[in-house]
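Structure first, then comments.
In this text, all values refer to a predicted model and were calculated from it rather than measured experimentally.
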Amino acid sequence: QKLIRKVMNITDVVAACQDYGFEWLEQLLETLLKKEEDTNQKPVLKACVQIVDCLVENVLRLEETSESSTPRLISCLSTLYLFCKVKPELLTGHCLTIQPYLNIRCNSQTDIQVIHNVARILELSVPLMEHPGESFLAQLEEDMMKHILKRGPAVLQSCVSCLGAVVNKA
């Protein structure tokens, strides 16, 4: 319960900084993780793993409560992308879980943001997966092509980049 509250506070900060950029938060995470690279104790890395796991659980919980295209979902996915940019390995175990979010109906700008964030996360984390299944990669390739052809400029860059990462991995 305490962790969920802290994670929601982090997502609120990310959401509030959306318009201004959150490079400072990326730099903070990078600095904290870099400081413990050569040590046996890795409390920051452990905390990052817990935060990412909690965020993924929250994304799934939002889907169960039919809030799958809410600002809270966007905040969670944006925060996951932030962690992914700093340390993509944190998300490799969650690629199979978040990939289905590429199949949401695009009825709003929020839905497009979901696809955009998921594509950016997968672009960085899929190449680091040890043994992604061929069916997973084929489905991901199909999803990216569908969005590139149907959605146009809104998700073009993220989907093309993700497709490139998937093709290189396959």
Look at the side-chain heavy atoms of Ile, Leu, Val, Met, Phe, Trp and Tyr, link any pair under 4.5 Å apart, and say whether [X] and [Y] land in one connected group.
X	Y	answer
Met129	Val167	yes
Leu32	Leu90	yes
Val160	Leu102	yes
Ile51	Val49	yes
Ile10	Trp24	yes

Shortest non-hydrogen contact between [X] and [Y], atoms and distance:
X	Y	result
Ser158	Ala119	O-CB, 3.9 Å
Tyr81	Asn117	CB-OD1, 4.2 Å
Lys42	Glu36	NZ-O, 2.9 Å
Ser125	Leu91	CB-CB, 3.9 Å
Leu122	Gln99	CD1-CA, 4.1 Å

*Run through Val59, Val56, Val14 and flag the one making a side-chain contact (heavy atoms from CB on, under 4.5 Å) with Leu77.*
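It is Val59, the one option of Val59, Val56, Val14 that forms the side-chain contact (heavy atoms from CB on, under 4.5 Å) with Leu77.
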_Testing Leu73, Ile104, Ile74 one by one against Thr110 for a side-chain contact (heavy atoms from CB on, under 4.5 Å), which residue passes?_
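Among Leu73, Ile104, Ile74, the one that satisfies the side-chain contact (heavy atoms from CB on, under 4.5 Å) with Thr110 is Ile74.
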Any side-chain heavy-atom pair of [X] and [Y] under 4.5 Å:
X	Y	result
Val7	Lys2	no
Phe22	Val13	no
Val155	Ile148	no
Arg120	Cys84	no
Glu123	Leu163	no
Lys85	Glu26	yes
Lys87	Leu45	yes
Thr79	Cys76	no

*Does the side-chain contact (heavy atoms from CB on, under 4.5 Å) test come out yes or no for Leu25 and Cys17, once each step is laid out?*
CA-CA 10 Å; Leu25 193 50; Cys17 295; over 6 Å; no
*Might you confirm whether atom NZ of Lys6 has over 12 heavy atoms from other residues, nucleotides or ligands at distances under 6.0 Å?*
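Not buried by this count: 12 neighbours or fewer within 6.0 Å.
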*More than 12 foreign heavy atoms under 6.0 Å from NZ of Lys34: is that the case here?*
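No, the 6.0 Å shell around NZ holds no more than 12 heavy atoms from other groups.
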Interatomic distance, [X] atom [atom1] to [Y] atom [atom2] [nearest 0.5 angstrom]:
X	Y	atom1	atom2	answer
Met145	Leu140	CE	CG	12.5 Å
Leu82	Ser75	CG	OG	12.0 Å
Ile112	His147	CD1	NE2	10.0 Å
Asn9	Ile4	CG	CD1	12.0 Å
Glu130	Thr92	CD	OG1	8.0 Å
Leu137	Glu142	CG	CD	13.0 Å

_I'd like to know if the side chain of Asn168 and the backbone of Ala165 have a donor-acceptor N/O pair within less than 3.5 Å._
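Not confirmed, Asn168 side chain does not pair with Ala165 backbone.
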_Please check this pair: side chain of Asn58 against backbone of Cys54, looking for a donor-acceptor N/O pair closer than 3.5 Å._
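Side chain of Asn58 to backbone of Cys54: no pair is present.
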*Show your working on side-chain contact (heavy atoms from CB on, under 4.5 Å) between His94 and Leu55 and close with a plain yes or no.*
CA-CA 11 Å; His94 299 291; Leu55 282 165; over 6 Å; no
*Residues Lys46, Gln41; criterion side-chain contact (heavy atoms from CB on, under 4.5 Å); working and verdict*: CA-CA 9 Å; Lys46 183 179 177 186; Gln41 300 292 322; over 6 Å; no
_Residue pair Gln139, Leu96: steps toward the side-chain contact (heavy atoms from CB on, under 4.5 Å) verdict_ = CA-CA 11 Å; Gln139 181 62 52; Leu96 294 171; over 6 Å; no
